[in-house]
Amino acid sequence: MAKASGFFTPSLRTKIQPSIGVSRSGFCLSEGIFKRVVCSSSIESAGTHVSSSQSRIPKLVNKGCKLVGCGSEVPSLSVSNDDLAKIVDTSDEWISVRTGIRNRRVISGKENLRNLAVEAAKKALKMANVEPDDLDLILLCTSTPEDIFGDAPKVLILLDAYLNSNLFMLWQSSKVQRELGCTKSQLAHDITAACSGFVLGLFSASCYIKGGGFRNVLVIGADVMSRFVDWTNRGTCILFGDAAGAVACDAEEDGLLSFDLHSDGEGARHLGAPINDNENGSVLEFPPNRSSYACVQMNGKEVFRFAVRCVPQSIESALEKAGLTASNIDWLLLHQANQRIIDAVATRLEFPPEKVISNLANYGNTSAASIPLALDEAVRSGKVKPGHTIAAAGFGAGLTWGSAVIRWG
C-alpha cells in the first residue's frame with residue numbers, strides 16, 4: 001500500500017517512506033529519520049517590518065496545538081428510513097440492522113454547505129472565545145464544495161459577515177476579500193479527502209501551529225453528500241447525510257498528541273465519485289464537453305473489510321507514538337460510517353461499548369463532518385470533559401485513513 005510520502009518544514013524537506021507521525025514532542029517519523037524540528041523565532045531579522053498588506057504568517061516558533069472550542073450544524077430536514085422506503089426498495093429494519101442508521105439530515109431550501117460550515121464555525125469560535133480577526137488560518141475539509149476552486153475563503157467572508165451582522169458583505173460574499181472590507185487577509189483553503197478529511201485537517205493545523213508559527217486555526221469538516229448520492233440506489237442513498245462540524249485550535253499546551261496517516265490509491269476502485277468519462281467526448285474533439293461527476297460509487301463489502309483491518313492498526317500505531325495504550329484512552333471516536341464497523345473496530349481494540357462515541361443513528365454518514373459533529377455533541381452533553389483523551393480515526397476517500405490521539409480542552 002502506498003503511504004503518505006512526505007511533508008514540508010520551513011527549512012527542510014524530507015522524503016518519508018514510513019507512515020507520517022506526530023508525537024507530543026514535535027514532528028517525528030516512525031523509523032527515526034529525525035526526532036524533532038525546532039523552529040525558533042530568532043530566524044526573523046531584527047527590525048524587520050511586515051506591513052498589513054503582506055502575508056499574515058507570523059514568525060516561527062515551537063508551540064503546542066490545543067483544541068479549545070467546537071461547534072456543529074445540521075440541516076433542518078430530517079429524512080427517516082421510512083421516508084426512504086417510499087422512494088427505494090428498502091425498510092427501516094433492513095437499513096437499521098445493516099448500518100445502525102435510522103435518520104439523516106439533508107439540505108433543503110436555501111441551505112448549502114457554506115451556511116452549515118459558517119454556523120458550525122461560529123459556535124466553535126464562541127466556545128473558544130476567539131474573534132474572527134484573531135484567526136490565522138481556516139481549513140475547510142470538504143469534498144462537496146459550492147465552488148470547485150474551494151470554499152474556505154468564502155466561508156471566511158461569510159463568517160465575518162455573520163458575526164458582525166454585515167449584510168452588505170453577505171450579499172457580496174463572492175467578491176475579493178479586500179473589496180468586501182475585511183480587516184485582515186487570513187489564509188483559508190480547502191482539504192479534499194472526504195471521510196478522512198477532518199483527521200487530515202487536524203494534522204495540517206498541528207503542522208501550521210507547531211512548525212509554522214500560526215496561533216489560531218479553525219478546522220471545519222463539512223459535506224453535503226446528498227448532492228452526489230443516487231437516490232434510486234439503496235446501497236448508497238441510505239448511508240449519507242449532510243452536516244458540518246468545527247474545532248478551534250490554539251498554540252497552547254499540546255493537545256494533539258500523535259497522528260498516523262496512510263493512503264492506498266489501489267482502493268479507489270472501491271469508493272469514489274469519479275468524473276463521467278462518457279461526457280467528455282473524443283480526445284480529438286474541441287472544445288471538450290462540459291464535465292460532471294458521477295454519484296457516489298461504493299463496494300460496501302470491500303470498504304468494510306478495509307476499515308476493520310486497517311483502522312485498528314492505525315489507532316494502535318498512533319497510541320504507540322503518543323506513548324499510550326488503549327487503557328489510557330477515555331473515548332474512542334471513529335468516523336460514523338456504519339455501526340458494524342464501529343463495533344468491530346472497538347472489539348478488536350478491546351474498547352468497552354460505554355467508551356465508544358456514536359451518533360450515527362441520528363445523522364448517518366456525514367463524511368468529513370462526522371467526527372467533529374459527534375465530538376461537539378459529546379462535549380456539549382458533558383460526556384467528554386476537559387482533560388479527557390480521545391482516540392479518533394477517519395477512513396474512506398479512495399482510500400485514505402488516519403488516526404489522531406487528542407486531549408480535549
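Values reported hereafter were calculated over all heavy atoms of this structure, with side chains retained and with hydrogens, waters and symmetry mates removed.
- The structure places CG of Leu256 at 11.5 Å from NZ of Lys66, a figure rounded to the nearest 0.5 Å.
- Here the side chains of Leu334 and Val311 are in contact, with some heavy-atom distance below 4.5 Å.
- At least one donor-acceptor pair closer than 3.5 Å links the side chain of Arg98 to the backbone N or O of Trp94.
- Note that the CG atom of Asp242 and the CG atom of Leu77 stand 9.5 Å from one another [nearest 0.5 Å].
- Neither side chain, Asp260 nor Ser403, offers a donor N or O lying under 3.5 Å from an acceptor on the other.
- Expressed to the nearest 0.5 Å, how far CD of Gln336 lies from CD1 of Ile371 amounts to 8.0 Å.
- Put simply, CG on Leu360 and CD1 on Ile101 are 4.5 Å apart, with the number rounded to the nearest 0.5 Å.
- To the nearest 0.5 angstrom, Leu140 atom CG is 6.0 Å from Leu113 atom CG.
- Formation of a donor-acceptor pair under 3.5 Å by the Arg104 side chain with backbone atoms of Leu239 is not found in this model.
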Report the C-alpha separation of Asp376 and Lys123 in whole Å, then their side-chain angles, then the decisive distance to 0.1 Å, and conclude whether the salt bridge (charged side-chain N to carboxylate O under 4.0 Å, His left out) test is met.
CA-CA 10 Å; Asp376 183 50; Lys123 296 172 184 176; over 6 Å; no
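- Asp343 and Gln339 form a side-chain donor-acceptor contact under 3.5 Å, judged by distance and modelled atom types alone.
- Checked by atom type, the side-chain pair Ser76/Glu111 shows a donor-acceptor distance below 3.5 Å.
- Counting only distance, with no hydrogens or angles, the side chain of Asn216 and the backbone of Asp136 share no donor-acceptor pair below 3.5 Å.
- Looking only at side-chain heavy atoms (C-beta outward), Asp190 and Cys141 stay at 4.5 Å or farther from each other.
- Residues Asn103 and Ser80 have side chains that never bring a donor and an acceptor to within less than 3.5 angstrom of each other.
- Checked by atom type, the side-chain pair Asp223/Thr142 shows a donor-acceptor distance below 3.5 Å.
- Aromatic ring centres of Phe306 and Trp401: separated by under 6.0 Å.
- Proximity of Leu202 to Ile406: side-chain heavy atoms (C-beta onward) are separated by under 4.5 Å at one or more points.
- Judged by distance alone, the side chains of Asn112 and Arg227 never bring a donor and an acceptor atom under 3.5 Å apart.
- Once rounded to the nearest 0.5 Å, the distance linking OG of Ser370 with OH of Tyr363 reads 12.5 Å.
- Within the 4.5 Å cutoff, side-chain heavy atoms of Asp254 are placed close to those of Cys65.
- Not one N or O on the side chain of Asn362 forms a donor-acceptor pair closer than 3.5 Å with the backbone of Arg102.
- Counting only distance, with no hydrogens or angles, the side chain of Asp330 and the backbone of Ile390 share no donor-acceptor pair below 3.5 Å.
- Judged by distance alone, the side chain of Lys385 and the main-chain N or O of Val379 form no donor-acceptor pair under 3.5 Å.
- Remark: of the listed residues Ile342, Leu333, Leu349, Ile342 is the sole one forming a side chain to side chain contact (heavy atoms under 4.5 Å, CB included) with Val356.
- For Asn328 (side chain) and Thr325 (main-chain N/O), a donor-acceptor pair under 3.5 Å exists by modelled atom type.
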